[in-house]
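Worksheet for the structure shown next.
Chain letters run A, B, ... following the sequence lines, proteins first and then strands; every chain starts at 1. No hydrogens, no waters, no symmetry mates; every other heavy atom, side chains included, goes into these values. From a predicted model like this one, the values you see are computed outputs, not experimental measurements.
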Protein chains: 2
Amino acid sequence: MQLLFEDLKEKLKKKNINLSYQRLKVLEYLTQVRTHPTVDQIFTDLQKDISTLSKTTVYNTLRVLVQAGLVRVITIEDNETRYDIDVRDHGHFKCESCGKIYDFNIDMNSLIVKDLNNFKIDDKNVYFKGICPQCL
Amino acid sequence: MQLLFEDLKEKLKKKNINLSYQRLKVLEYLTQVRTHPTVDQIFTDLQKDISTLSKTTVYNTLRVLVQAGLVRVITIEDNETRYDIDVRDHGHFKCESCGKIYDFNIDMNSLIVKDLNNFKIDDKNVYFKGICPQCL
DNA sequence: TACATTATTGTACTTAGTACAAATTATAAT
DNA sequence: ATTATAATTTGTACTAAGTACAATAATGTA
Ligand SMILES: [Mn+2]
Ligand SMILES: [Mn+2]
Ligand SMILES: [Zn+2]
Ligand SMILES: [Zn+2]
């Protein structure tokens, strides 16, 4: 636990992000809670530990982490922005019954599109919707 | 033009959607303006013709059209929901410089994911981000 | 045409996210 | 360690997307 915290400090330092307790806590939360949480979930849970926490700080911190490439944004539903500590290429499946978001492996390099020959592609996203096994 | 309008009437009737001038106009707009417009763009443009148009009506109409499968929702950026009259399988590329959204062909059936064997998949989405040729 | 049903409109409301200035905390220099 | 400087956090006010709802208008049917 103490060890993890030191690892996260390293992670931020390597990206030239100044250390703060709030930033470490948000990063720790995303490392432990792998459900692609929303800002509100992060805020509500962390507020139990940090009673003075402001939601603006959560927004600010996430923006910083995303810009540094430590966290990615998941946009599946327009009304709920979610955050993912796993920045490696992978797809997302959202169950329309329970709302849970599952990760799946997909080879983004195999998604070669001839229509986009002269386009500079920076980011590839794949997401599916349907019903998960538990809800079926 | 008159012919097109009759076609759209047919399209709605086939889906058991009651006819109204507003619904026809929204459908006509999406048929003609293929830029994946937002609610606000649709509303602002149609208001020039229909001065009494309410934004609520645009929201209601789009919900009806999406439920009927005549229109699909495009969620790339969390703050801008866009609408597409082309409901066939295809991918979207958003230029991060000019904001334009391009269509591209992609074979969704080739996206077979072994991690999702027991999942019921209803909807597959692929979108890329980057810079378009005009902006490069 | 008359009636019943459905759609439109306008307003009020909710919620996600942003702007900004004051207060606090972290970093660097002495 | 103390101080000065810079960066971050916090709280409030604000914006904008979207929804709820009741009154009004339009549409479909007998
Ligand atoms: Mn993920
Ligand atoms: Mn399209
Ligand atoms: Zn489920
Ligand atoms: Zn462009």
Mapping Arg23(B) and Arg63(A) onto DNA chain C by nearest heavy atom, which one lands closer to the 5' end?
Arg23(B)
If I take atom OH in residue Tyr59(A) and atom P in nucleotide dT15(D), what distance separates them, rounded to the nearest angstrom?
17 Å
How close or far is atom C1' of dT10(D) from atom CD of Gln47(A), stated in whole angstroms?
12 Å
Report yes if some heavy atom in the side chain of Val26(B) is under 4.5 Å from a heavy atom in the side chain of Arg23(B); otherwise report no.
no
Return whichever of Glu80(A) or Thr52(B) has its heavy-atom-nearest nucleotide of DNA chain C closer to the 5' end.
Thr52(B)
Tell me which nucleotide among dG28(D), dG11(D), dG18(D) gets nearest to the side chain of Asp78(A).
dG18(D)
Could you tell me whether Ser20(B) contacts a base, only the sugar-phosphate backbone, or nothing, with contacts defined as non-hydrogen atoms closer than 4.0 Å?
sugar-phosphate
What's the CD-P distance between Gln22(B) and dT24(D), to the nearest Å?
18 Å
Same apolar cluster: Ile74(A) and Val71(A), side chain cutoff 4.5 Å:
no
For a quick check of understanding: with a heavy-atom distance under 4.0 Å over all strands, which category does Thr81(B) fall into, base, sugar-phosphate or nothing?
sugar-phosphate
Pairing of Glu10(A) and Lys13(A) as salt bridge, 4.0 angstrom limit:
no
Return the value, rounded to whole Å, for the distance between atom NZ of Lys55(B) and atom P of dG18(D).
9 Å
Reading DNA chain C from 5' to 3', where do the contacts with chain B start and stop? Cut-off is 4.0 Å to heavy atoms.
dT6(C) to dG17(C)
Can a donor-acceptor pair be found between the side chains of His90(A) and Asn105(A) at a distance below 3.5 Å?
no
Charged N to carboxylate O under 4.0 angstrom, Glu96(A) versus Lys120(B)?
no
dA22(D) P sits how many Å from Asn60(B) CG, rounded?
15 Å
Tell me the interatomic distance from Ile50(A), atom CD1, to dT8(D), atom P, rounded to whole angstroms.
16 Å
dA17(D) P sits how many Å from Ile42(B) CD1, rounded?
13 Å
In terms of ring plane angle, is the pair Tyr102(A) and Phe119(B) parallel, tilted or perpendicular, where the classes change at 30° and 60°?
perpendicular
Are Val58(B) and Tyr21(B) in one and the same hydrophobic cluster, where Ile, Leu, Val, Met, Phe, Trp and Tyr link if side-chain heavy atoms are under 4.5 Å apart?
yes
Calculate the interatomic distance between Leu62(A) atom CG and dT9(D) atom C1'; express it in whole Å.
14 Å
